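Read through the structure below, which is laid out as structure tokens, and then see the notes.
Just so we're clear, the structure is a prediction, and the values are computed from it rather than from any experiment. First the proteins, then the strands, lettered A, B, ... as listed; each starts at 1.
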Amino acid sequence: MSIYDTLNVEQKKAVLQTEGPVLILAGAGSGKTRVLTHRVAYLIDECGVNPWNIMAITFTNKAAGEMRERVDKIVGFGSESIWVTTFHSTCVRILRRYADRLGYSNNFTIYDSDDSKSVLKNIVKQYNLETRDLKLRQIQNTISKCKDNLVTANSYTLSSGNDFQKQKIAKAYQEYQISLKKNNAMDFDDLIMNTVILFRENKDVLENYQERFKYIMVDEYQDTNNAQFELIRLLADRYKNLCVVGDDDQSIYRFRGANIRNILDFEKNYPDATVIKLEQNYRSTQNILDAANTVIKHNRSRKEKALWTDEGEGSKVRFCEFEQAPEEANFIADDISNKKRQGKLSYSETAVLYRTNAQSRLIEERFVMYGIPYNVVGGTNFYARREIKDLLAYLKTIDNGSDELAVRRIINIPKRGIGATTLNKIADYAGTHDMNFYDAIAHANEFITGKTVDKLHDFDLMIKAFRAKQKMMSLEELIHDVIDVTDFEEYLKSLEDDDENNGSQDNDRRQNVQELIGKVISYEEKADEPTLSGFLEDVALVADIDNVAEGDERVLLMTLHSAKGLEFEHVYLAGLEEGTFPSYMTINAEDSDPMAMEEERRLAYVGITRAKKELTISCAHRRMVRGSFESLAVSRFVDEIPERLLDRSGSSVMPSFLFEGGDTIEDDDDYDYDADAYMPSSRGNNTRRTFGNSSGYSGSSYTRADYADRSYGHKNFSSGSAYNSAANTSSRLGGFKSNANDRSSEKIDHVPGSSIYGPVGKPKATIGRKPAARTPVSKPFIAGAASSHKSAGKGSLNGISKGLQKPSSLDYKEGDRVSHIKYGEGVVKSIEDGARDYKVTVEFDDAGQKIMFAAFAKLKKL
DNA sequence: CTTCGCGTTATTTTT
DNA sequence: TAACGCGAAG
């Protein structure tokens with residue numbers, strides 16, 4: 001029996017059809033990766049194709065990595081010479097060889113969207129291009145869209161005609177490209193477009209690659225944009241052995257230029273294409289598939305198909321409605337923790353999906369309270385974090401002096417007293433003397449006087465020293481040296497003080513730096529010939545999802561977009577409300593752009609089909625949206641699921657009378673922390689049911705007494721919870737909280753209209769412990785790097801263990817003399833209770849006054 | 001040059 | 001809500 005006998009009829013057909021264009025319409029969970037890998041094996045083993053001639057393209061490194069792994073397993077020999085990569089890295093590889101043909105040097109840098117935004121910002125400012133109805137963001141989007149469609153700056157300019165707005169954008173586009181070239185940089189979109197241009201203008205290069213890639217496979221084809229389509233078309237033009245795999249129902253990247261017509265019109269572009277539909281699903285239960293099928297049926301632009309399984313019905317899709325968003329979050333945490341305790345679920349097989357990243361916050365808070373370990377995928381990309389970008393800018397400057405953006409970023413980090421005026425002078429000089437920004441610094445004495453010259457000179461010397469050292473050092477040593485020489489620690493400290501002051505607590509910065517070092521180390525281990533440029537390139541093309549470690553005993557929180565391609569036994573789809581999902585942007589644009597709603601629906605389809613065994617959908621009728629409260633109706637996508645598939649018994653909607661009267665929630669900024677004062681519990685007998693339709697209110701059977709009763713249920717919760725922080729427990733007894741770490745006690749009673757929502761005004765009332773910091777305590781990238789190396793952050797620092805780590809007291813107090821490893825001895829001036837840790841102010845004998853975190857400062861009492 | 005504080009404003013998804 | 005930009009003051 002051969003490996004191909006394990007495939008079903010359609011899958012087999014897809015594997016055996018090796019010649020000519022092939023379109024595989026692979027529904028969610030239909031085993032497309034299996035098909036692709038088997039197809040590769042078949043080409044090599046049975047058709048005698050040289051692995052060298054095979055290319056498989058995906059969108060994310062993660063997908064590429066998985067494919068690579070599986071191909072390696074199934075292909076005996078030579079699998080390493082198959083190109084299994086992403087679109088972007090494919091293009092980088094090609095451009096590294098031939099960028100000179102486009103007037104770039106081959107060691108060009110890659111700009112992420114932040115980088116390109118700041119380049120654009122300068123241009124927009126310089127030429128006064130921003131107006132009331134033309135914002136930077138819009139300009140950036142338009143330029144990006146142009147590139148997705150292979151419209152160059154010149155052709156856009158020609159097409160702008162008399163349109164004033166277009167002319168402005170055209171000017172920005174032109175100048176932007178000039179800047180990029182001057183900086184020897186390409187943005188993400190350039191990578192694709194420039195490769196296409198390279199191919200179009202250099203027949204020899206194109207032919208070279210056409211000969212090489214005789215068999216091309218493209219995964220997630222529904223997400224290709226026009227430039228990617230053209231890239232593939234060119235490459236496959238000679239042999240036409242192009243196999244694309246995708247699912248039009250999972251096309252969710254239109255906003256990024258993906259063109260669903262690429263997959264819908266494949267047969268038009270390749271009339272002799274073989275089309276194969278994979279509809280048997282090996283992932284989910286029939287109920288889940290039915291829900292997905294009926295929802296997606298509401299779309300018009302799609303190829304008819306329906307998923308089925310022979311795995312059986314499974315349980316119904318649970319739909320739970322809540323009055324307030326925090327209740328919803330609480331329900332999810334409670335439900336997961338119950339099921340976990342009963343052995344019905346494993347964290348690693350559980351995910352919470354939502355439409356927007358902002359929604360993770362409430363859920364994280366609850367997870368911390370319940371002690372549920374989790375990872376948040378997405379949000380701010382690791383490499384977009386300030387301290388990481390700063391360090392990378394140093395490395396970029398050392399690597400490639402023509403990257404003005406990088407130089408500008410670090411020239412005054414840490415503060416060196418080099419300000420805007422000086423930067424402008426440097427830029428002017430560079431401009432008039434036709435040299436790049438960094439090189440102009442060496443001529444500072446020609447256009448600047450006084451102390452600033454010395455400062456610039458020092459900076460220049462420092463960079464040059466790094467460059468010299470780089471030749472003798474490993475990358476790891478280099479980055480350590482940069483951190484030492486620049487006193488980066490001190491800089492981080494100042495950042496963390498800021499973090500505290502403005503309430504944002506993105507302060508795992510030190511850990512992030514450790515993480516970056518870990519990535520440097522693992523890069524050096526895995527790369528054949530590690531170079532600084534190589535590292536920077538690796539780093540430029542990673543997405544957050546790439547670092548998600550599987551099998552971690554953690555619940556994953558992520559957006560629906562990030563979840564594509566993944567599967568979990570238990571999936572919680574949160575925030576199914578009109579305005580949240582579908583997003584209000586889409587609803588507003590419904591008339592002018594009906595396709596947007598279809599895309600939103602596909603997103604719902606993606607979400608539903610992530611679930612293997614159990615799907616729980618939830619919504620809240622009121623939710624805080626950018627600072628104010630909004631009332632929201634149940635999402636149309638819920639209504640599109642047939643009633644027979646739904647189990648609505650978990651709902652818990654508060655009666656509307658609680659919101660009547662003068663006590664408007666909008667006025668109360670403590671609301672979101674205090675919501676658990678009325679938190680219902682699905683445990684025990686306290687669960688109430690809401691009957692009737694999705695409006696939620698009409699069927700409510702609550703009374704005031706019920707409500708009080710539910711608050712009582714709250715107490716049950718705390719004693720039975722796995723989370724046993726003293727602070728947390730005490731908060732629930734009799735409505736008083738008495739938290740050792742809190743400065744005051746506030747009464748919380750359960751009477752509607754008074755302080756259910758907490759006292760008005762500052763200081764913020766906190767129940768139990770303080771809410772989770774905005775930034776999750778542990779990040780996916782930690783797991784990623786930790787698995788590859790022994791780097792810091794490896795520990796089991798999930799939300800809760802960190803929460804409990806906080807010492808209940810310090811062994812020193814105000815007025816005590818303490819010693820610090822770096823600053824020597826001093827006197828404690830004050831101790832303040834910060835969100836995560838104590839903030840200690842110390843007046844050092846030599847170093848002066850410093851504010852530091854207790855856990856980090858490791859002060860010793862004398 | 002740097003810091004602070006105020007007013008404004010923008011809100012989706014991200015390779 | 002939070003991030004940003006701007007102007008004024010140190």
Side-chain angles (χ1 to χ4, degrees), chain A residues 57-64 85-92 110 112-114 117 121 125 130 132 135-138 141 144 147-148 187-192 220 223-225 227-228 251-258 353-359 361 377-381 383-384 386 412 414-423 450-452 455 494 497-498 501-506 540-546 558-564 575 579-589 596 599-600 602-604 606-607 623-630 666 669 671-672 774:
Chain A
I57 290 204
T58 64
F59 276 84
T60 64
N61 294 303
K62 184 171 196 281
T85 41
T86 65
F87 272 99
H88 294 273
S89 29
T90 297
C91 290
V92 171
I110 301 165
D112 65 22
S113 31
D114 274 353
K117 191 172 166 194
K121 197 184 261 172
K125 215 178 252 170
E130 214 166 3
R132 193 166 36 82
K135 291 148 295 175
L136 179 67
R137 190 194 180 83
Q138 198 190 335
N141 282 341
S144 173
K147 292 179 177 180
D148 288 344
D187 65 22
F188 285 142
D189 305 315
D190 280 333
L191 295 175
I192 314 283
E220 306 279 15
D223 289 330
T224 50
N225 62 34
Q228 287 158 336
S251 171
I252 55 171
Y253 284 105
R254 199 178 75 123
F255 69 95
R256 212 171 58 194
L353 311 179
Y354 36 78
R355 178 68 234 261
T356 63
N357 278 308
Q359 289 169 255
R361 189 174 184 264
V377 179
T380 10
N381 186 307
Y383 293 103
R386 183 170 171 180
N412 201 30
K415 301 228 157 56
R416 299 188 175 90
I418 300 171
T421 325
T422 310
L423 292 181
K451 274 188 179 166
T452 313
K455 292 173 188 164
S494 69
D497 290 345
D498 289 351
N501 291 337
N502 63 27
S504 88
Q505 303 176 358
D506 222 348
L541 296 173
V542 280
D544 248 326
I545 191 73
D546 296 336
M558 66 188 123
T559 62
L560 290 151
H561 283 87
S562 301
K564 195 171 67 150
T580 312
F581 184 28
S583 81
Y584 76 93
M585 297 286 273
T586 313
I587 295 172
N588 287 342
E599 171 136 330
E600 206 83 0
R602 291 193 289 269
L603 205 47
V606 167
R623 180 182 297 278
M624 170 123 48
V625 182
R626 30 180 225 281
S628 62
F629 282 86
E630 306 263 331
E666 280 84 339
D669 61 353
Y671 150 80
D672 91 64
R774 171 63 195 93

How close or far is atom [atom2] of [N] from atom [atom1] of [X], stated in whole angstroms?
| X | N | atom1 | atom2 | answer |
| --- | --- | --- | --- | --- |
| A:Asp190 | B:dT15 | CG | P | 18 Å |
| A:Lys147 | B:dT15 | NZ | C1' | 15 Å |
| A:Lys121 | C:dC4 | NZ | C1' | 8 Å |
| A:Asn141 | B:dT14 | CG | P | 14 Å |
| A:Glu220 | B:dT14 | CD | P | 15 Å |
| A:Asp187 | B:dT14 | CG | P | 19 Å |
| A:Asp223 | B:dT14 | CG | C1' | 11 Å |

Can you tell me how far C1' in C:dC4 sits from the matching atom in B:dT13, rounded to whole Å? 22 Å

Gap in Å between the two C1' atoms, one belonging to C:dG5 and one to B:dT12, rounded: 24 Å

Set of residues satisfying side-chain hydrogen bond (donor to acceptor under 3.5 Å, both in side chains) with respect to [X], sequence neighbours excluded:
| X | answer |
| --- | --- |
| A:Thr60 | none |
| A:Thr58 | none |
| A:Arg254 | A:Asp593 |

With sequence neighbours excluded, tell me which residues meet ring-ring contact (aromatic ring centres under 6.0 Å, His included) with A:Tyr383. none

Over 12 foreign heavy atoms within 6.0 Å of NZ, A:Lys117: no

Would you mind checking if A:Arg256 and A:Asp223 are paired as a salt bridge, meaning a charged N to carboxylate O distance below 4.0 Å?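 Result for this pair is no, no salt bridge flagged.
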
Verify the contact: side-chain N or O of A:Lys125 to OP1 or OP2 of C:dG5, cut-off strictly under 4.0 Å; return yes or no. no

Looking at B:dC1, I'd like to know if its phosphate oxygens (OP1 or OP2) sit under 4.0 Å from a side-chain N or O belonging to A:Thr421.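 The answer is yes; a side-chain N or O of A:Thr421 sits under 4.0 Å from OP1 or OP2.
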
A:Asp189 and A:Ser144 side chains, donor-acceptor separation under 3.5 Å: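 A pair is found: one side chain offers a donor N or O, the other an acceptor, under 3.5 Å apart.
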
Which pair of heavy atoms, one from A:Leu541 and one from A:Asn61, lies closest together, and at what distance?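 Where A:Leu541 meets A:Asn61 most closely, the heavy atoms are O-ND2, 2.9 Å.
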
Over all atoms of both residues, closest heavy-atom pair of A:Ile110 and A:Leu191: CG2-CD1, 4.2 Å

Which is more 5' along DNA chain B, the nucleotide nearest A:Phe59 or the one nearest A:Asn412? Just name the residue.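 Counting from the 5' end, the first nearest nucleotide belongs to A:Asn412.
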
Taking for each residue the nucleotide of DNA chain B bearing the nearest heavy atom, is the 5' side occupied by A:Leu541 or by A:Lys455? A:Lys455

Could you list, one pair per line, each protein nitrogen or oxygen that sits under 3.5 Å from a nitrogen or oxygen of nucleotides 7-13 of chain B, together with the distance?
unit_1: B:dT11; atom_1: OP2; unit_2: A:Arg137; atom_2: NE; d: 3.1
unit_1: B:dT11; atom_1: OP2; unit_2: A:Arg137; atom_2: NH1; d: 3.2
unit_1: B:dT11; atom_1: N3; unit_2: A:Arg626; atom_2: NE; d: 2.9
unit_1: B:dT11; atom_1: O4; unit_2: A:Arg626; atom_2: NE; d: 2.7
unit_1: B:dT12; atom_1: OP2; unit_2: A:Arg137; atom_2: NH2; d: 3.4
unit_1: B:dT12; atom_1: O2; unit_2: A:Arg355; atom_2: NH1; d: 3.0
unit_1: B:dT12; atom_1: O2; unit_2: A:Arg355; atom_2: NH2; d: 2.6
unit_1: B:dT13; atom_1: OP1; unit_2: A:Asn357; atom_2: N; d: 3.0
unit_1: B:dT13; atom_1: O4'; unit_2: A:Arg355; atom_2: NH2; d: 3.2
unit_1: B:dT13; atom_1: O2; unit_2: A:Arg355; atom_2: NH2; d: 2.5

What's touching nucleotides 8-10 of chain C from the protein side, N or O pairs under 3.5 Å?
none

